[in-house]
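Worksheet for the structure shown next.
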Amino acid sequence: MAPLIVKYKYLNFKAKIDHCSPDELEERLNVYRATTAPKLVDLILRLGGIYIKIGQVMSTIGQGLLPQQYVDALKPLQNGVPPRGYDEISRIIEKSTGK
C-alpha cells in the first residue's frame with residue numbers, strides 16, 4: 001500500500017514542477033488510478049476477511065469518497081468473492097476462542 005501512496009504523492013509533486021494544468025494533472029491521475037485500482041483489489045483479496053468487507057462497503061458508499069476507478073474496481077467484491085468452507089471457518093473460530 002505504501003508504494004501506491006508514494007507514487008500518488010510523486011505525481012502531485014511532479015505536476016507542480018511541470019506546471020501542469022488541472023486537466024493535465026487529472027489525466028495523469030486517471031492513468032495512475034486505472035493501473036492501481038486492480039492492484040488494490042488484488043491486495044484486498046490476498047488479505048481477506050475484514051479487508052474484503054471494507055472493500056465491499058466502499059464499493060457501495062464510495063461514490064464521492066473515492067475516485068470512480070476505485071469504486072468500479074471494488075464492485076466485483078460484492079458477489080465475486082469465493083465463500084470459505086465450513087471446516088475453515090470452524091478452525092478459525094476454534095483457534096480464536098480456544099474452544
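In what follows, residues are counted from 1 in the order of the sequence shown. Heavy-atom basis, side chains included; hydrogens, waters and symmetry copies ignored.
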Practice item. Could you tell me the separation between the CG atom of Asp42 and the NZ atom of Lys39, rounded to the nearest 0.5 Å? Key: 9.5 Å
Check your understanding: Are Leu65 and Ile44 joined in one hydrophobic group, where the rule is that I, L, V, M, F, W and Y side chains link up if heavy atoms are under 4.5 Å apart?
Key -> yes
Point to revise | Common cluster, Ile5/Val31, ILVMFWY with side-chain heavy-atom separation under 4.5 Å | key: no
Check your understanding: Do Gln63 and Gln68 come within less than 4.5 Å of each other through their side chains, counting heavy atoms only?
Key -> yes
Check your understanding: With hydrophobic residues grouped by side-chain heavy-atom distances under 4.5 Å, do Ile52 and Ile54 end up in a single group?
Key -> yes
**Study point:** For the student: nearest non-hydrogen atoms of Leu11 and Leu25, plus distance
**Key:** O-CD1, 4.2 Å
Exercise for review: Supply the atom-to-atom distance Ser90 OG to Lys95 NZ, rounded to the nearest 0.5 angstrom.
Suggested key: 13.5 Å
Check your understanding: Is there a path from Tyr10 to Tyr8 through hydrophobic residues (I, L, V, M, F, W, Y) whose side chains come within less than 4.5 Å of each other?
Key -> no
Point to revise | Arg28/Asp23 ion pair, N-O < 4.0 Å | key: no
Practice item. Kindly give the heavy-atom pair with the smallest separation between Pro38 and Ala34, and that separation in Å. Key: CD-O, 3.3 Å
Exercise for review: Answer yes if Leu77 and Ile50 sit in the same cluster of Ile, Leu, Val, Met, Phe, Trp and Tyr residues linked by side chain heavy atoms under 4.5 Å apart, and no otherwise.
Suggested key: yes
Check your understanding: Could you give the distance from CZ (Arg33) to CG (Asp72), rounded to the nearest 0.5 Å?
Key -> 12.0 Å
Review point. With a 4.5 Å heavy-atom cut-off, do Glu24 and Glu27 have their side chains touching?
Key: no
Practice item. Give me the one residue out of Gln69, Gln56, Met58 that meets side-chain contact (heavy atoms from CB on, under 4.5 Å) with Leu74. Key: Met58
Review point. With side chains defined as the heavy atoms from C-beta onward, is the minimum distance between Leu45 and Tyr51 less than 4.5 Å?
Key: no
Revision key, fill the gap. One should read off an interatomic distance between Asn30 CG and Thr35 OG1, to the nearest 0.5 angstrom, of 11.0 Å
Review point. Between Thr36 and Tyr70, do the side chains contain an N or O donor and an N or O acceptor separated by less than 3.5 Å?
Key: yes
Review point. What is the distance from atom CG of Asn12 to atom SG of Cys20, rounded to the nearest 0.5 Å?
Key: 10.0 Å
Practice item. Using distance alone, with no hydrogens and no angle criterion, decide if Thr60 and Gln78 have a side-chain donor and acceptor under 3.5 Å apart. Key: no
Study note, to complete from the structure: Heavy-atom nearest pair, Val71 first then Ser59, reads CG1-O, 3.7 Å
Practice item. Using atom types as modelled and distance alone, determine if a side-chain donor or acceptor of Tyr32 lies under 3.5 Å from a backbone N or O of Leu4. Key: yes
**Study point:** Distance (rounded to the nearest 0.5 Å) between Ile61 CD1 and Leu66 CG
**Key:** 9.0 Å
